[in-house]
Undergrad: 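I have a structure I would like to understand better, so I am pasting it below and will then ask my questions one at a time.
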Amino acid sequence: MKTYRVNDIFYSLQGEGHNTGRAAAFVRFAGCNLRCAFCDTSFDSFSEMSGEDIVAAIDGYGCRFVVLTGGEPTLQVDEDFVDLLHSHGFEVAMESNGTRPAPRNLDWLTVSPKSLPPTSSDQSGGCAPLFAGWQQQVNELKIVFTDEASLLQISSAIGLPLQPKEDREIFFYLQPCDTGDVHRNARITSACVTYIKQHPHWRLSLQTHKLIGIE
């Protein structure tokens with residue numbers, strides 16, 4: 001029986017992006033192919049669980065919206081697992097860095113491209129390469145905003161603007177980076193708001209779960 005390395009399972013509200021405020025069962029998968037300085041996930045702690053184990057763990061919440069996150073869930077999640085969740089009546093969303101193909105039977109895909117730290121040979125850094133077909137799958141693009149220069153670098157690397165997915169709107173979100181420094185965070189948020197006012201196809205995403213003190 002196939003098993004998955006699961007970092008955590010919990011019930012909360014979606015705090016970010018288009019589905020902000022929705023009650024959701026979160027399945028956080030361990031492991032990632034990137035290492036972002038602002039990531040809030042432990043990659044070393046996990047339990048081995050079967051698909052049925054995961055369904056049993058979330059089935060009692062009374063909520064049929066599940067968010068598959070990480071880490072990077074595409075390292076483990078396949079279409080069979082999504083089919084299993086569907087067979088139990090779940091609406092399935094995933095949050096991915098976009099560097100790997102996601103299962104095509106998801107109900108919602110959020111892609112959040114990540115900037116890479118500068119190397120010794122190239123102090124400008126860059127953007128982690130996205131897989132070729134990500135534009136055909138994405139419902140929501142969410143970029144962590146630190147400053148306008150880094151946003152323009154990421155936007156250039158991923159080839160914005162995007163085309164709509166199957167005649168549906170793609171939602172564009174900027175999310176101010178949480179640096180752990182309240183004063184720097186305020187400056188980043190102010191710059192993010194200013195940028196969105198100048199480029200109104202973007203929308204603001206706040207980490208509302210942190211603002212109200214929930215998981």
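Since we're looking at a predicted model, the values are computed, not measured.
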Undergrad: Under 3.5 Å, side chain of Arg203 to main-chain N/O of Ile196, donor-acceptor pair present?
TA: no
Undergrad: I'd like to know if the side chain of Asp107 reaches the main chain of Val92, judged simply by a donor and an acceptor atom lying under 3.5 Å from each other, with no hydrogens or angles considered.
TA: yes
Undergrad: Tell me, which pairs form a side-chain hydrogen bond (donor to acceptor under 3.5 Å, both in side chains) where one or both residues lie in residues 191-200, sequence neighbours left out?
TA: none
Undergrad: Tell me, please, which residues at least two apart from Tyr173 pass ring pair (Phe, Tyr, Trp, His ring centres under 6.0 Å).
TA: none
Undergrad: Which heavy atom of Gly98 sits nearest a heavy atom of Val111, and at what distance?
TA: CA-CG1, 3.9 Å
Undergrad: Please enumerate all residues that pass side-chain contact (heavy atoms from CB on, under 4.5 Å) together with Ala191, with sequence neighbours excluded.
TA: Phe145
Undergrad: According to side-chain contact (heavy atoms from CB on, under 4.5 Å), who are the partners of Thr3, at least two apart in sequence or on a separate chain?
TA: Glu48
Undergrad: Whether the side chain of Thr110 engages the backbone of Glu95 through a donor-acceptor N/O pair (distance < 3.5 Å, no angle test) should be reported.
TA: no
Undergrad: Under the rule for side-chain contact (heavy atoms from CB on, under 4.5 Å), what residues qualify as partners of Ala102, not counting sequence neighbours?
TA: Thr74, Met94, Leu106, Leu109, Gln137
Undergrad: Do Ile158 and Gln135 touch side chain to side chain, with heavy atoms closer than 4.5 Å?
TA: no
Undergrad: Less than 3.5 Å apart, any donor N or O on the side chain of Glu72 or Asn97 sitting next to an acceptor on the other?
TA: yes
Undergrad: Please name all residues satisfying side-chain contact (heavy atoms from CB on, under 4.5 Å) with Ala23, sequence neighbours left out, ordered by chain then number.
TA: Tyr11, Leu13, Cys63
Undergrad: Regarding Arg184 and Asp178, does a basic nitrogen lie under 4.0 Å from an acidic carboxylate oxygen?
TA: no
Undergrad: Assess whether salt bridge (Lys or Arg N to Asp or Glu O under 4.0 Å) is satisfied between Asp78 and Lys2, documenting all intermediate values.
TA: CA-CA 11 Å; Asp78 53 21; Lys2 181 174 181 177; 2.7 Å; yes
Undergrad: Say whether Asp181 and Thr179, considering side chains only, have a donor N or O and an acceptor N or O under 3.5 Å apart.
TA: no
Undergrad: Minimum heavy-atom separation for Leu204 and Val193, please, with both atom names.
TA: CD2-CG2, 4.4 Å
Undergrad: Please find the pair of heavy atoms, one from Gln76 and one from Ala30, that lie closest to each other, and give the distance.
TA: NE2-O, 3.0 Å
Undergrad: Before you tell me yes or no, could you show the steps for Arg28 and Glu215 under salt bridge (Lys or Arg N to Asp or Glu O under 4.0 Å), namely the whole-Å CA-CA distance, both residues' side-chain angles and the distance that decides it to 0.1 Å?
TA: CA-CA 12 Å; Arg28 189 183 293 277; Glu215 190 172 7; over 6 Å; no
Undergrad: Count the heavy atoms belonging to other residues, nucleotides or ligands that lie under 6.0 Å from NE2 of His201, then report whether that count exceeds 12.
TA: yes
